[in-house]
Student: 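Take this structure first; my questions come after.
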Protein chains: 2
Amino acid sequence: MSLQTDLHMKEPITPLAREAMLNIYHTANCIKKRADEFFRSYGLSDVQFNVMMLLGHQGGAEGGLSQAQISAMMLVNRANITALIDRMEKAGLVERTAAPTDRRYNIVKLTGYGRSLLARVEPLYIEEIKQAAVLEPAEQKQLIVMLEKIRRNVSERPLINNKPKTEISR
Amino acid sequence: MSLQTDLHMKEPITPLAREAMLNIYHTANCIKKRADEFFRSYGLSDVQFNVMMLLGHQGGAEGGLSQAQISAMMLVNRANITALIDRMEKAGLVERTAAPTDRRYNIVKLTGYGRSLLARVEPLYIEEIKQAAVLEPAEQKQLIVMLEKIRRNVSERPLINNKPKTEISR
DNA sequence: GGGATATAATTCGCATCTTAACTATATAGC
DNA sequence: GCTATATAGTTAAGATGCGAATTATATCCC
C-alpha cells in the first residue's frame, strides 16, 4: 500500500479500521516529506543523515561500521546500502576502508567534512523533532503502545488465502 | 526521514517524542511491506491495486478517469502516473482511450482482465484489512485523532533555522 | 586438507518517488 | 482573432526501495 493511497475513496471499504490504517500512512508520509525538506536544505537526504548519525554516535571506538551493520541497524536492504554509501562517498561524507581482520568487510567512517556537517545539522534536527512533538507524554506512550500492537499483529499473522499459483488467464 | 530509520540507536536523541515519531515510520513500513507481499502474490503492486480500486468504484458512468484525476485522488505526482499507467497498460490491467471533448486528456479504464482480477482480489484484501484491525474501535478513534494532530502540526509549523545559503566548505 | 555452508558486498532488473522542463491543447481577455 | 495563461500528459535525471543472483572470503565439519 502506498503511503499516499486512496485517501479519497468515496466508499471506504471498512469504516474505522481502514481509516486508522490509512492515517498511519498519511501521517508517516507527512513527516517524511517534512524531514526530506529539512535535510534537503543541507544537501542531504534523510537516509544519508541517519547513516551519519549512526556513524557519529555508535561507530565504535574507531568510529566505523560495516555495511552489514548499517543495513541491520537501519533496517535497509543490503543491496541499497551499496549505492547509498557510493553516493555518500562521492559527496565526501563518508569513506570506505578495508577491515584488517576480515577481508569481506568494508569499514565505513565519517570523513572530517561529514563529521562537521553532522555537528552542525544535528542540533537543528533535534530542535525540529522537539517542536514536532505536539502530543503529551502520556499520549505519546499510548500512541507507541497502539502502533506496536498493530505492528506485532501485522508481522505475526499469516497472509490470508495467499495462493498465487492459479492465475487468472488473460 | 526513512520509514525504517535508526530505530536501534543506542542513545535516543529525544526520549519519548522521537520514539513516537519513529514508531509511526516503522509501523507504516511494516504495513506497507505486508501489503506489498499480499499484492505481489497476484502480480500487482499496492499502487496498481489502488488504481484498480479507484477505477472500479468511481470510474464514473463509463468507468474511466483521467490521469490527472487519478493523480489527485491518490495524491501521487502526475509524473509518476505516466509510468504507472504505462506498466499497468502493458500488464493488460487498464487501457488509455482518447477523451472525446478535450484532446489533452486520456481516459484510463479497466480492461476486462483488470476488472476480473479486481473482483477476485478485492474481497481478500478487505479480509486482510479486517484482520489487521487489532485495535478496539475506541482505540482506533483515539489513534486517528493523535495522528491527525501530529500531521496538522507537521504541515503548519515552519521549518526551523532553514538557511542553506552558507554551506560548510569542504 | 577439503568440501559444504554462511556471510559481506556487489550487481542487475524493476518499481516508485521527486523536481523540472517540455509539448500539446484549451481558455480567457483584450 | 490573437496573445497570455493554465492544464494534461510526457520525459529526464536522480534517489530509494525490493528480490535474486554472483563473487570473494570465512568457517565448520568430516
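Worth knowing before you read on, the calculation uses all heavy atoms, side chains too, and leaves out hydrogens, waters and symmetry mates. Throughout, a chain's letter reflects where its sequence line sits, starting with A, and its residues are numbered from 1.
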Student: Before we go on, tell me: are the rings of B/Y125 and B/F39 under 6.0 Å apart, centre to centre?
Tutor: yes
Student: Can you check the A/K32 NZ to C/dC17 C1' distance for me, whole Å?
Tutor: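 In whole Å, C/dC17 C1' lies 9 Å from A/K32 NZ.
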Student: May I have the distance from A/K33 (atom NZ) to D/dT16 (atom P), rounded to whole angstrom?
Tutor: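 Interatomic distance, NZ of A/K33 to P of D/dT16: 17 Å.
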Student: Between C/dA15 atom P and B/L93 atom CG, what is the distance in whole Å?
Tutor: 12 Å
Student: Starting at the 5' end of nucleotides 7-15 of chain D, put B wherever the base has a protein heavy atom under 4.0 Å, S where only the sugar-phosphate does, and a dash everywhere else.
Tutor: BBSBBB--S
Student: Please report, rounded to the nearest Å, how far the P atom of C/dC17 is from the CZ atom of A/F39.
Tutor: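 After rounding, the gap between these two atoms is 21 Å.
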Student: B/R104: which residues meet the side chain to side chain donor-acceptor pair (under 3.5 Å) condition with it, sequence neighbours left out?
Tutor: B/D102
Student: CZ of A/R40 versus C1' of C/dT19: gap in Å, rounded?
Tutor: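 Interatomic distance, CZ of A/R40 to C1' of C/dT19: 7 Å.
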Student: Go through B/V51 and B/L93 one step at a time and tell me if the side-chain contact (heavy atoms from CB on, under 4.5 Å) criterion holds.
Tutor: CA-CA 10 Å; B/V51 169; B/L93 299 169; over 6 Å; no
Student: Counting side-chain heavy atoms from CB outward, which of D/dC18, C/dT25, D/dG19 is closest to B/R103?
Tutor: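 Looking only at side-chain atoms, B/R103 lies closest to C/dT25.
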Student: Side chain to side chain donor-acceptor pair (under 3.5 Å) with A/Q67: which residues, sequence neighbours excluded?
Tutor: A/R96, A/N106
Student: B/N77 CG to D/dT16 C1': how many Å, rounded?
Tutor: 16 Å
Student: May I have the distance from B/N50 (atom CG) to C/dT16 (atom C1'), rounded to whole angstrom?
Tutor: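 To the nearest whole Å, that distance equals 14 Å.
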Student: Please walk me through it: do A/V108 and A/I70 pass side-chain contact (heavy atoms from CB on, under 4.5 Å)?
Tutor: CA-CA 9 Å; A/V108 181; A/I70 295 172; 4.1 Å; yes
Student: Mind running side-chain hydrogen bond (donor to acceptor under 3.5 Å, both in side chains) on B/S71 and B/R78 for me, showing each step along the way?
Tutor: CA-CA 6 Å; B/S71 167; B/R78 256 173 231 207; 5.0 Å; no
Student: Roughly how many Å is it from CD1 in B/I70 to P in C/dT16, rounded to a whole number?
Tutor: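 These atoms are roughly 13 Å apart.
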